[in-house]
Every structure is written in structure tokens, then in C-alpha cells.
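Below is a structure I'd like to ask you about.
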Amino acid sequence: MTRLVSQIEKYLSKAESALGTEDFVPDIKPEEFKVEEAAPKPRGSTAPSGKVPTKIYEMVRRGGRVFERVRTAWVNPEVAERLDRGKLATDWIRTLGNYMPLYFVGGYVRDKFLKKAPADIDIISLIPLSQVRPILNKLNIRYTDTSNSHARIKFEVGGISVDVVSVKGEDLSNNLISRDFTINSVAQSVTGQFYDPAHGLDDIKAKILKTPGNDPETTFKNDPIRILRGIRFASNYSLKIHSSIPLAVKKTVDGLSAKKPRRIGFEFKKILQTRRSWVAAKLFAEWGILKYISDDLNNLLDLKQKGSIYKYHAWPQVIAALRRAKSQELTVNAAIMFAFVGKYAVSNGGKTNDFTGWEEESAKMAHKE
């Protein structure tokens, strides 16, 4: 990594003259940024079983000011490895940002405040991608060009996936305001300054899910998949949902019927790996989401289970099982989610209370799904 950083500095110092101050965003008024140098000591005299000590770099707010705090914590080895890789990738990008105007954005900034290890890094380049590619080529960084709503470049540093989009300096504010939720609309410069036109830092601190401009109906009409993303964020980060969102979902949710199953499945897979997947299952029912994911799951909403052996009807039973499991494993939560779908089939669409053979039928239907 040291050699790579040296390569960057050597190459970019030659190109420095090509990037004048006009290439950077002017007149951004960032919140104050500071690094706390004293890290709290680990509690206790012995290491917790199976844990290793590691440094965590997280964002905190105190007295209206923003700090990046470095603290020591005991974590699982795989978490420590992910944190180390994230730190290496961040340092590399910050070095690159000394010469190329760019911002960290979205989930990377959000997760530092919510004390989560970064799974990937999104950055905004203020120079065209056509100028980013030669830099990566000179550094022997393999990248791929891709596109969904925007053209982008993807590459890896230290095992962390980096996603780069290009935005003109004067369009940075519009880019952030047009994002799905305010918690994802904060940009941070490589020197630690924040650009926050949608006041996302306040909503991250309050742990509230809200759309930029508080206009969720327009946000969801632009892309109904954002409804599923909202469910994912709410269940993963224990966020309070702003009162404007459920009504907007009711008006726009049918837009999911026009979306590709692949996109819906991609979000569904991520939802099943959240910290509180049972919250997502509850929202699926309340917001009428299941019919856009799976007809078999949707059938469980009206399936009654009568008799003293049943504490819940079918879908409440799914929610209760997910809550008890406390799992973030995809296969575990998928198995729970589809465990009872066979009951609807063997009971003639819920017309009887005879569920004989439901286990085998559930297995067949789950495999099909």
C-alpha cells in the first residue's frame, strides 16, 4: 500500500498543473471537522472470547460540531479485517483526492456516523470520467465501466469495491438532493469537510428515514425500488420512518409492478441480511409489498391458523420466527420467510385448517422461488 500511495503522488504531482482551482467546488460552507486523538481504552482487563482489538474511525457530533473519533474496540476477526481494508482504501482515496477533486458520498459517510464497517465506497469525481481513467491506468488499477442511471467506474482497492460517478461542481448540490434518502445525501471531502444541502447529518443523528425535500411521493415515482431500499435502511439501522413516507408508499407502490424482478430480488436479498429482518417483514405486510416479491409469500397474509396449537396466523408467525432467530444470514432468513408457504397450497387456499404435508410442499415451493 505504501508503494501504491508513492506511485499516486509521483504520477499526480506531474498532472497537478492540469487541475486548477476552478475544477473544485467553490463556496461550500462545511461544518467544522476535527479528529479526536485520544482514543478510549478497551474496557476490562482480558480480551472477550473470540474478539480482537482494532481501531474504529467513526463520526460523532458534539455541541454542533462534527468530529472523527478514533477508538479501540473488541470485534470479531472478520469485522476487524473489513475495518482494516476500509481504512487502507480510504487512505488511498484521500491521497488521490489531494490532486483530483472528489467527495466520499452516500453509504460510506452514513455508516461512519452509524458506527458500521464500510462494505464499499462511493465517491463523486468533479472531473469527467474520461480524465479519471488515465489516472487509474497509470497506477495499474484495473477498472470496469458500467452504467445504471449514471455512467460509472468500478475498481477495487484493498479488497474494497469503489464506485465512481462524475458530477460537475455546480451540479453537486442537485445530485445530492436527488438521492433517495437524506441519510445518503451527505458528501465529505478528503479533508473531512461536509457538504449537506439536504440536512442529512441532522437526520442521521436523529436516526430518521426521510426523503430530500420531504417529498417521498416524487422520490418513489422517480424510482419505486427506493421503497425497498427504505425498508432495508429502516430494518438495518433501526431508523424511525417519517410520517410522510407510508402515505407516499401507498400512492406509488404499484410502480414496482413495472420493475425487473432482478432489481426487486437484489433488494430483497439485501433485506434478508439486515439486523432486524422481522421489521422488514412487518413493513412488507403493512405497505402491500409482498405481491411484488412473491405470490406465494403474499398468500400467507390471509392464511388463518385455527386451533389451540397456533399462537399466530401465518404471516405473524413468520415475523415472530425472524425476530426469535436474530439472524443476518441470508439462507436462514430466506428459509424462515418461505417455511410456511406450503400451508396455503395444502389447505386449498386456506379454506381448510388441514395442513397435512405442508413441510414437503413448502420445500418444493421455496426451491422454485
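Note that the structure is a prediction, hence the values are computed from the model and not measured. Hydrogens, waters and symmetry mates are skipped; everything else that's a heavy atom, side chains included, is used.
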L201 vs F194, side chain to side chain contact (heavy atoms under 4.5 Å, CB included): CA-CA, chis, key distance, verdict: CA-CA 9 Å; L201 288 174; F194 293 96; 4.2 Å; yes
Show the numbers, then the answer: is there a side chain to side chain contact (heavy atoms under 4.5 Å, CB included) between R232 and E267? CA-CA 8 Å; R232 170 158 62 92; E267 287 298 330; 3.0 Å; yes
Test of understanding: with side chain to side chain contact (heavy atoms under 4.5 Å, CB included), list the residues that count as partners of A335, not counting sequence neighbours. none
Between the side chain of T95 and the main-chain N/O of D91, is any donor-acceptor distance below 3.5 Å? yes
Same cluster or not: F181 versus F266, using hydrophobic residues (I, L, V, M, F, W, Y) connected whenever any side-chain heavy atoms lie under 4.5 Å apart?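 F181 and F266: separate clusters.
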Using a 4.5 Å cut-off on heavy atoms from C-beta on, say whether the side chain of W315 contacts that of L290.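 Yes, at least one pair of side-chain atoms sits under 4.5 Å.
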What I'd like to find out is whether the side chain of Y143 reaches to under 4.5 Å of the side chain of V132, using heavy atoms alone. no
Residues forming a ring pair (Phe, Tyr, Trp, His ring centres under 6.0 Å) with F340, sequence neighbours excluded: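 So F340 forms a ring pair (Phe, Tyr, Trp, His ring centres under 6.0 Å) with W358.
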Please tell me if the side chains of N184 and R229 come closer than 4.5 Å, counting only heavy atoms from C-beta onward.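 They are in contact (side-chain heavy atoms under 4.5 Å apart), so the answer is yes.
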Enumerate, atom names and distances included, each donor-acceptor pair closer than 3.5 Å involving a side-chain atom of residues 252-261, sequence neighbours excluded.
unit_1: T252; atom_1: OG1; unit_2: A248; atom_2: O; d: 2.7
unit_1: D254; atom_1: OD1; unit_2: Y292; atom_2: OH; d: 3.0
unit_1: S257; atom_1: OG; unit_2: D254; atom_2: O; d: 2.6

Using atom types as modelled and distance alone, determine if a side-chain donor or acceptor of D171 lies under 3.5 Å from a backbone N or O of V167. no
Criterion side-chain contact (heavy atoms from CB on, under 4.5 Å) against L283, the qualifying member of I241, I271, I227: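 When I241, I271, I227 are each tested with L283, the side-chain contact (heavy atoms from CB on, under 4.5 Å) holds only for I241.
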Report yes or no: do L330 and I319 belong to one cluster of Ile/Leu/Val/Met/Phe/Trp/Tyr joined by side chain heavy-atom distances under 4.5 Å? yes
Between D163 and K154, is there a donor-acceptor pair closer than 3.5 Å when you use the side chain of the first and the backbone of the second? no
Under 3.5 Å donor-acceptor pairs involving side-chain atoms of residues 214-221, not counting sequence neighbours:
unit_1: N214; atom_1: OD1; unit_2: S244; atom_2: OG; d: 3.0
unit_1: D215; atom_1: OD1; unit_2: T218; atom_2: OG1; d: 3.3
unit_1: D215; atom_1: OD2; unit_2: T218; atom_2: OG1; d: 2.6
unit_1: E217; atom_1: OE2; unit_2: K221; atom_2: NZ; d: 3.4
unit_1: T219; atom_1: OG1; unit_2: D215; atom_2: O; d: 3.3

Any donor-acceptor pair under 3.5 Å linking the side chain of S347 with the backbone of K351? no
How would you list all residue pairs meeting salt bridge (charged side-chain N to carboxylate O under 4.0 Å, His left out) that involve residues 95-114, not counting sequence neighbours? E68-K112
Please name the pair of heavy atoms, one in K116 and one in R275, separated by the smallest distance, quoted to 0.1 Å.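 That closest heavy-atom pairing would be NZ-CD, 3.0 Å.
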Any idea which heavy atoms bring F355 and K343 closest together, and the distance? CD2-O, 3.6 Å
Using 0.5 Å steps for rounding, measure from the CG atom of L303 to the NE2 atom of H313. 9.0 Å
Do I123 and V105 touch side chain to side chain, with heavy atoms closer than 4.5 Å? no
Return the minimal non-hydrogen interatomic distance between S277 and L322, and the atom names on each side.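 Where S277 meets L322 most closely, the heavy atoms are OG-CD2, 3.8 Å.
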Distance alone, cut at 3.5 Å: any donor-acceptor contact between the side chains of Q317 and Q305?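 The answer is yes; a qualifying pair exists.
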Would you please say whether a donor-acceptor pair under 3.5 Å links the side chains of N137 and R133? no
Side-chain touch I153/L136, heavy atoms, less than 4.5 angstrom: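 Heavy-atom side-chain distance check passes, below 4.5 Å.
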Output yes when K291 and D295 qualify as a salt bridge under the 4.0 Å nitrogen-oxygen rule, no when they do not. no
In this structure, would F233 and I177 fall into the same cluster of hydrophobic residues linked by side-chain contacts under 4.5 Å?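 Each belongs to a different hydrophobic cluster.
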Full working for side chain to side chain contact (heavy atoms under 4.5 Å, CB included) between K51 and N76: CA-CA 5 Å; K51 307 286 186 178; N76 292 328; 3.0 Å; yes
Hey, is the main chain of L272 close enough, under 3.5 Å, to the side chain of N333 for a donor-acceptor pair?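 Confirmed, N333 side chain pairs with L272 backbone.
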S294 versus E369, side-chain donor and acceptor atoms under 3.5 Å: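 A donor-acceptor contact under 3.5 Å links the two side chains.
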Spacing of OG1 belonging to T352 relative to NZ belonging to K306, to within rounding of 0.5 Å: 9.5 Å
Per the ring-ring contact (aromatic ring centres under 6.0 Å, His included) rule, what does the pair list look like for residues 147-171, sequence neighbours excluded?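 Listed by first then second residue: W92-F155.
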Less than 4.0 angstrom from a charged side-chain N to a carboxylate O is my criterion; do E286 and K282 meet it?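 Looking at E286 and K282, the cut-off is met.
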Between OG1 of T211 and CG of D180, what distance do you get to the nearest 0.5 Å? 9.5 Å
Run the salt-bridge test on R152 and D145 with the 4.0 Å N-O cut-off and return the result as yes or no.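 Looking at R152 and D145, the cut-off is not met.
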A side-chain contact here means heavy atoms from C-beta on lying under 4.5 Å apart; do Y103 and L172 qualify? yes
Between CZ on residue F104 and CG on residue D122, distance to nearest 0.5 Å: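 So the CZ of F104 and the CG of D122 are separated by 11.0 Å.
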Any side-chain heavy atom of D223 within less than 4.5 Å of one from R263?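 A side-chain contact exists here, since the closest heavy-atom pair is under 4.5 Å.
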With no hydrogens and no angle check, just 3.5 Å: does a side-chain donor-acceptor pair link T146 and T144? no
Residue pair S362 / F338: nearest heavy atoms and the distance that separates them: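 It is CB-O, 4.0 Å.
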Would a single hydrophobic cluster contain both I127 and L129, if residues Ile, Leu, Val, Met, Phe, Trp and Tyr are joined by side-chain heavy-atom contacts under 4.5 Å?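 Same cluster: L129 reaches I127 through Ile, Leu, Val, Met, Phe, Trp or Tyr contacts under 4.5 Å.
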With a 4.0 Å cut-off on N to O distance, would you call K368 and D296 a salt bridge? yes
How long is the span from the CD1 atom in I264 to the CD1 atom in I293, to the nearest 0.5 Å? 7.5 Å
In terms of ring plane angle, is the pair F284 and F268 parallel, tilted or perpendicular, where the classes change at 30° and 60°?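 Judged by the thresholds at 30° and 60°, the geometry between F284 and F268 is tilted.
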Shortest non-hydrogen contact from V341 toward L297: CG1-CD2, 3.9 Å
Shortest non-hydrogen contact from D196 toward G200: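 Looks like OD1-N, 2.6 Å.
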Gap separating the CG atom of N222 from the OG atom of S178, nearest 0.5 angstrom: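 Rounded to the nearest 0.5 Å, the CG-OG separation comes to 8.5 Å.
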Using side-chain heavy atoms (C-beta onward) and a distance below 4.5 Å, is E361 in contact with Y344?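 Result no, sub-4.5 Å side-chain heavy-atom pair not found.
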Steps toward side chain to side chain contact (heavy atoms under 4.5 Å, CB included) verdict (D354, V346): CA-CA 7 Å; D354 180 6; V346 300; over 6 Å; no
Is Y237 reachable from I208 through a run of hydrophobic residues whose side-chain heavy atoms are each under 4.5 Å from the next? no
Side-chain donor-acceptor contact under 3.5 Å, N236 with T274: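 T274 and N236 do not have a side-chain donor-acceptor pair below 3.5 Å.
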